[in-house]
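What follows is a set of notes on a single structure, which appears directly below.
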Amino acid sequence: MTECYIRVAEDENEEPMEIPSEEDGTVLLSTVAAQFPGACGLRYRSPVSQCMRGVRLVEGVLHAPESDWGNLVYVVNYPKDNKRKMDEMDAASAVKIKRGVQKTSDLIVLGLPWKTTEQDLKDYFSTFGEVIMVQVKRDAKTGNSKGFGFVRFTDYETQIKVMSQRHMIDGRWCDCKLPNSKAGPDEPMRSRKVFVGRCTEDMTVDELRQFFMQYGEVTDVFIPKPFRAFAFVTFADDQVAQSLCGEDLIIKGTSVHISNAEPKHNNSSFFPSTFFMVKSPSLAAMFERSQYQFPSSHV
DNA sequence: GTTGAGCGTT
């Protein structure tokens with residue numbers, strides 16, 4: 001058997017696309033997935049039995065049913081019952097659109113092959129939608145991949161779609177999930193100050209101020225020294241601060257996580273900050289600063 | 001130069 005093209009379609013009634021086989025006549029699942037992201041196999045209607053038959057799949061390699069692939073149209077298989085999930089997804093996103101544009105967040109990608117690079121991730125996930133950030137986490141010393149990474153999409157629908165299925169990346173099944181850092185209901189109190197996690201050392205007070213200005217008036221930026229990979233940003237309006245909590249924002253190509261700046265002690269009943277504010281703004285600032293530590297989730 | 005559930009600081 002020699003190299004050829006086989007006809008593959010999303011559905012029996014849809015127009016097929018021709019995809020190439022290998023020299024030995026087999027077809028790689030990754031070749032199918034390149035055109036049909038999320039594909040996990042192929043099936044076809046047997047001319048003899050008129051039943052759908054599965055194509056043999058061994059370690060990412062699809063084998064022709066008979067001596068060759070023939071002129072049949074092969075239909076793409078997706079994990080579980082993806083069609084029904086799509087309907088649920090559309091209904092869910094329709095509800096959410098009414099409440100405004102959904103913010104996307106970083107997704108953790110688990111199970112990456114050691115060899116997979118950020119370019120590989122970008123290439124793969126771009127088939128779902130516009131990608132605005134990818135990371136492969138590596139050992140600082142050896143540079144070896146830790147086997148997981150992160151991805152961020154422009155559109156929320158893309159994020160939902162990507163989370164709803166498994167992913168064949170460089171020969172391994174990977175999962176995309178919401179990272180633990182943003183799981184569970186946190187965000188307890190209302191504050192004008194937010195905690196900015198995962199800062200990099202090159203971020204300056206000025207740059208953070210410039211960046212956060214787009215959301216509202218910034219009254220203070222505090223970066224602990226020596227470098228501790230987080231910062232505090234205070235807004236004039238607490239609603240601005242609250243609206244950012246839980247979000248992943250991208251500053252200079254780095255994804256930072258916004259959460260509430262949590263007070264470690266609560267002495268405000270003895271010395272309400274409003275008392276200091278009318279008397280002395282600088283004292284009020286000192287007071288606020290002494291009250292807030294990093295949230296427990298980041299300790 | 002190894003590994004395979006997890007969780008992001010260069």
Side-chain angles (χ1 to χ4, degrees), chain A residues 29-30 40 59-60 79 103-122 124-125 131-154 156 158-160 162-187 193-208 211-212 221-233 244-262 292-299:
Chain A
L29 179 57
S30 56
C40 67
E59 293 179 350
K103 41 191 186 191
T104 63
S105 54
D106 298 355
L107 300 179
I108 188 165
V109 188
L110 271 350
L112 290 176
W114 314 117
K115 53 171 275 203
T116 298
T117 66
E118 296 188 340
Q119 188 61 51
D120 295 333
L121 278 191
K122 181 98 185 279
Y124 173 76
F125 283 115
V131 172
I132 53 181
M133 194 245 7
V134 288
Q135 286 180 335
V136 170
K137 288 303 167 188
R138 300 177 178 281
D139 182 89
K141 198 167 184 172
T142 66
N144 292 334
S145 167
K146 291 181 175 173
F148 71 96
F150 293 87
V151 63
R152 177 77 171 276
F153 295 97
T154 305
Y156 190 71
T158 312
Q159 171 170 331
I160 296 297
V162 164
M163 281 193 297
S164 74
Q165 62 172 70
R166 305 248 286 155
H167 300 273
M168 176 57 73
I169 302 176
D170 290 339
R172 274 183 61 92
W173 284 111
C174 302
D175 293 299
C176 293
K177 313 195 303 201
L178 287 175
N180 288 336
S181 58
K182 76 184 324 292
D186 35 13
E187 283 114 65
K193 184 182 291 191
V194 295
F195 175 89
V196 185
R198 304 199 303 265
C199 287
T200 50
E201 200 160 12
D202 62 319
M203 293 178 187
T204 67
V205 169
D206 265 2
E207 284 171 338
L208 290 186
F211 177 84
F212 283 100
V221 175
F222 179 69
I223 300 179
K225 315 247 182 341
F227 175 67
R228 294 226 269 157
F230 64 82
F232 291 108
V233 173
L244 292 177
C245 287
E247 292 217 46
D248 294 309
L249 305 176
I250 294 173
I251 305 178
K252 296 170 76 174
T254 299
S255 170
V256 301
H257 184 72
I258 312 299
S259 57
N260 271 289
E262 291 183 356
Y292 292 100
Q293 301 291 329
F294 35 88
S296 51
S297 59
H298 291 270
V299 173

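Just so we're on the same page: letters track the sequence lines, and every chain starts at 1. If you're wondering where the values come from, they're calculated on a predicted model, not measured in any experiment.
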When we call it a touch if two heavy atoms are under 4.0 Å apart, what does [X] touch: a base, just sugar-phosphate, or nothing?
X	answer
E201(A)	sugar-phosphate
L112(A)	base
S255(A)	base

Identify which nucleotide among [options] has an atom closest to any side-chain atom of [X], counting heavy atoms from C-beta outward.
X	options	result
A140(A)	dT10(B), dG8(B), dT9(B)	dT10(B)
W114(A)	dG8(B), dT3(B), dC7(B)	dT3(B)
R172(A)	dG4(B), dT9(B), dC7(B)	dG4(B)

Hey, which of these two, V109(A) or T254(A), hits DNA chain B nearer its 5' end, going by closest nucleotide?
-> V109(A)

Assign each of P113(A) and M133(A) the nucleotide of DNA chain B bearing its closest heavy atom; nearer the 5' end lies the nucleotide of P113(A)

Check whether more than 12 heavy atoms from other residues, nucleotides or ligands sit under 6.0 Å from atom NZ of K122(A), and answer yes or no.
-> no

So how far is it from L244(A) CG to S259(A) OG, rounded to the nearest 0.5 Å?
-> 11.0 Å

Any side-chain N or O of K137(A) less than 4.0 Å from the OP1 or OP2 oxygen of dT9(B)?
-> yes

Interatomic distance, [X] [atom1] vs [N] [atom2] [rounded to whole Å]:
X	N	atom1	atom2	result
K146(A)	dT3(B)	NZ	P	18 Å
H257(A)	dT9(B)	NE2	C1'	14 Å
L110(A)	dA5(B)	CG	C1'	8 Å
D139(A)	dG6(B)	CG	C1'	15 Å
K115(A)	dG4(B)	NZ	C1'	16 Å
H167(A)	dG4(B)	NE2	C1'	18 Å
M203(A)	dT10(B)	CE	C1'	12 Å
R138(A)	dT9(B)	CZ	P	13 Å

Measure the distance between the ring centre of F148(A) and the centre of the six-membered base ring of dG6(B), then answer whether it is under 5.5 Å with planes under 30°.
-> no

Examine distances only and state if a side-chain atom of T104(A) and a backbone atom of F153(A) form a donor-acceptor pair shorter than 3.5 Å.
-> yes

Please examine the side chains of E207(A) and V221(A), heavy atoms only from C-beta on, and report whether any two atoms are closer than 4.5 Å.
-> no

Indicate, yes or no, whether a donor-acceptor pair under 3.5 Å links the base of dG8(B) to the side chain of D106(A).
-> yes

Is it true that the side chains of R198(A) and T254(A) contain a donor and an acceptor less than 3.5 Å apart?
-> no

